[in-house]
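Remarks on the structure that follows.
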Amino acid sequence: MSSLIRNPKDFCAALIYLAVGLSAIYIGTDLPLGTALKMGPAYFPTVLGWLLSFIGLISLVRSFRRQGAAIPKFALKPLLLITGATVVFGLLVRGAGLAIALPLFVIMTAFASVKFRWVPSLALAAVATVFCSLVFVMGLGVPLPLLGRWFGG
């Protein structure tokens with residue numbers, strides 16, 4: 001007996017879109033909606049929730065109509081490395097500073113890829129650190145130390 005679901009990836013994506021969209025709509029029910037010209041606090045989450053739900057509905061219908069590939073094996077290493085990199089960045093950024101935390105974050109997340117190479121990863125870390133330092137810290141004035149208090153910053 002064959003499954004009614006012909007495209008498991010679209011089916012799972014549809015469930016995620018629907019869950020997030022319907023949650024946003026539900027969360028916005030207690031707040032005033034407002035109008036398009038005078039938006040209330042519920043306007044954006046509600047509109048976004050309806051859009052996500054609509055996309056989820058389209059994906060759900062497609063999952064029954066179009067043939068698609070099976071869901072690949074769950075990749076635990078990338079999940080742990082990317083999650084760990086985010087946690088490490090959050091723990092280091094104030095104490096060590098952006099100049100230490102960001103390159104470490106970029107290298108840890110790049111290491112999650114099967115195509116990881118040291119030279120491009122180090123180059124990306126350097127460029128991202130300079131770019132973020134110039135744009136966010138110096139340009140926009142985001143209160144992040146370039147070198148944190150652990151290094152006398």
Side-chain angles (χ1 to χ4, degrees), residues 1-28 41 43-153:
M1 183 170 151
S2 66
S3 173
L4 291 174
I5 302 169
R6 297 178 68 191
N7 191 335
K9 280 186 176 180
D10 276 355
F11 183 77
C12 289
L15 294 180
I16 293 169
Y17 280 127
L18 285 168
V20 173
L22 294 174
S23 296
I25 293 168
Y26 176 74
I27 289 169
Y43 192 85
F44 182 73
T46 302
V47 170
L48 185 63
W50 280 110
L51 287 171
L52 287 174
S53 298
F54 180 68
I55 292 169
L57 200 58
I58 291 171
S59 293
L60 188 65
V61 170
R62 282 180 51 152
S63 73
F64 294 112
R65 300 192 59 160
R66 289 185 146 183
Q67 191 65 35
I71 296 174
K73 186 183 110 182
F74 190 73
L76 190 60
K77 176 188 165 192
L79 175 69
L80 292 176
L81 278 170
I82 292 170
T83 304
T86 305
V87 170
V88 167
F89 178 83
L91 293 173
L92 287 180
V93 73
R94 295 275 181 208
L98 191 66
I100 305 294
L102 189 59
L104 186 61
F105 173 79
V106 171
I107 291 167
M108 284 180 70
T109 54
F111 194 67
S113 172
V114 294
K115 298 177 182 179
F116 175 78
R117 300 289 177 265
W118 276 107
V119 173
S121 298
L122 291 171
L124 177 63
V127 169
T129 302
V130 169
F131 177 79
C132 289
S133 298
L134 290 173
V135 171
F136 296 111
V137 177
M138 295 177 181
L140 296 174
V142 175
L144 287 175
L146 290 177
L147 282 177
R149 62 183 177 272
W150 299 345
F151 296 101

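- Under the 4.5 Å side-chain criterion, counting only non-hydrogen atoms from C-beta, Leu144 is in contact with Arg94.
- Applying the salt bridge (Lys or Arg N to Asp or Glu O under 4.0 Å) test to residues at least two apart or on different chains, the pairs with a partner in residues 52-62 are Asp10-Arg62.
- A donor-acceptor pair is defined here as one N or O able to donate and one able to accept, closer than 3.5 Å; such a pair exists between the side chain of Ser63 and the backbone of Leu60.
- Nearest heavy-atom pair, Ser53 versus Leu22, reported as atom, atom and distance to 0.1 Å: OG-N, 3.5 Å.
- Side-chain atoms of Ser121 and Phe116, non-hydrogen and from C-beta on, do get closer than 4.5 Å to each other.
- The CG atom of Leu57 sits 12.5 Å away from the CG atom of Leu52 when rounded to the nearest 0.5 Å.
- Distance check: Leu92 CG to Phe105 CZ gives 12.0 Å after rounding to the nearest 0.5 Å.
- The side chain to side chain contact (heavy atoms under 4.5 Å, CB included) test with Leu98 is passed by exactly one of Leu147, Val142, Val137: Val137.
- Residues Leu81 and Phe111 approach most closely at CD1-CD2, 3.6 Å, considering heavy atoms.
- Here OG1 of Thr129 is found 10.0 Å from CG of Leu104. Values are rounded to the nearest 0.5 Å.
- Nearest heavy atom pair, residue Gly68 against residue Pro8, reads O-CD, 4.4 Å.
- Taking CG from Leu102 and CD1 from Ile107, the interatomic distance works out to 10.0 Å, rounded to the nearest 0.5 Å.
- Between the side chain of Arg6 and the backbone N or O of Arg66 there is no donor-acceptor pair closer than 3.5 Å.
- Between Gly56 and Ala14, the closest heavy-atom pair is O-CB, 3.2 Å.
- Note that the OH atom of Tyr17 and the CZ atom of Phe54 stand 13.0 Å from one another [nearest 0.5 Å].
- Residue Trp50 holds its CH2 atom at 4.5 Å from CD1 of Ile25, rounded to the nearest 0.5 Å.
- Taking both residues in full, the closest heavy atoms of Pro41 and Pro45 are given as O-CD, 3.5 Å, listed atom of the first, atom of the second, then distance.
- Considering only heavy atoms from C-beta on, Ile100 comes within 4.5 Å of Phe151 through its side chain.
- Contact check for Phe11 versus Phe64: side-chain heavy atoms found under the 4.5 Å cut-off.
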